[in-house]
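One structure is given below, encoded as structure tokens.
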Amino acid sequence: MQVIANVLLALVALIHVYIVVLEMFLWTTPRGQKAFGLTPEFAQESKALAANQGLYNGFLAAGLVYALIRQDFGASVLFTVFVIVAGVYGTFTASRKIFFVQVVPGVLALLLVLLAH
């Protein structure tokens with residue numbers, strides 16, 4: 001069970017690393033614009049905000065990686081809860097797609113972390 005929990009935690013971390021790349025480096029590119037449904041003008045105007053948002057997603061990924069490396073139950077729970085809360089907020093304020101990309105994997109990972117402990 002612990003192995004599956006670790007795989008899911010790693011998957012959630014990788015999702016957030018990808019979000020970091022999209023928000024910090026690809027926001028104004030066609031790929032970033034397509035991922036977030038942006039016009040080129042809006043992407044250009046909001047790129048500093050997106051980079052800031054990407055930085056926060058990077059902290060989530062870093063916390064999950066730390067938890068995996070240290071096999072730290074408390075950090076695993078804490079950072080997975082942070083992912084879920086951020087995802088729920090994003091679901092209601094930005095896009096329902098966030099629920100499936102961030103919340104569902106986060107909840108599954110949290111459940112398995114709790115069951116494996």
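Sequential numbering from 1 along the given sequence is applied to the chain's residues.
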*Decide side-chain contact (heavy atoms from CB on, under 4.5 Å) for Phe36 and Glu23; before the verdict, give the C-alpha distance in whole Å, the side-chain angles of both, and the deciding distance to 0.1 Å.*
CA-CA 9 Å; Phe36 296 102; Glu23 291 175 342; 3.9 Å; yes
*Side chains of Asn6 and Gln71 in contact at under 4.5 Å (non-hydrogen atoms)*: yes
*Donor on one side chain, acceptor on other, Gln53 and Asn57, under 3.5 Å*: no
_Shortest non-hydrogen contact from Phe79 toward Phe59_ = CE2-O, 3.9 Å
_Do Val104 and Phe92 sit in one hydrophobic cluster, given that two such residues count as connected whenever their side-chain heavy atoms are within less than 4.5 Å of each other, even indirectly?_
yes
*Verify the cluster assignment for Leu60 and Ile98: are they in a single hydrophobic cluster under the rule of side-chain heavy atoms below 4.5 Å apart?*
no
*asked:* Strictly by side chain to side chain donor-acceptor pair (under 3.5 Å), give each pair with a member in residues 99-112 just once, sequence neighbours left out.
replied: His16-Gln102
*Exercise: identify the closest heavy-atom pair between Phe73 and Leu114*: CZ-CD2, 3.8 Å
*Using modelled atom types only, decide if a donor and an acceptor are shared between the side chain of Trp27 and the backbone of Ala50 within a distance under 3.5 Å.*
no
*What pair of heavy atoms forms the shortest contact from Leu38 to Gly32, and how long is it?*
CD1-O, 4.3 Å
*Would you say the side-chain atoms of Thr91 pair up with the backbone N or O of Phe99, donor to acceptor, closer than 3.5 Å?*
yes
*Determine, using the 4.5 Å side-chain heavy-atom cutoff (strictly less than), whether Met1 and Val12 are members of one ILVMFWY cluster.*
yes
*Considering all heavy atoms, the nearest Ala35-Lys97 contact*: O-NZ, 2.9 Å
_Please find the pair of heavy atoms, one from Pro105 and one from Phe100, that lie closest to each other, and give the distance._
CD-O, 3.3 Å
*Considering all heavy atoms, the nearest Gln33-Thr28 contact*: NE2-O, 2.7 Å
*Do you reckon Tyr66 sits in the same ILVMFWY cluster as Leu9, going by side-chain contacts under 4.5 Å, direct or chained?*
no
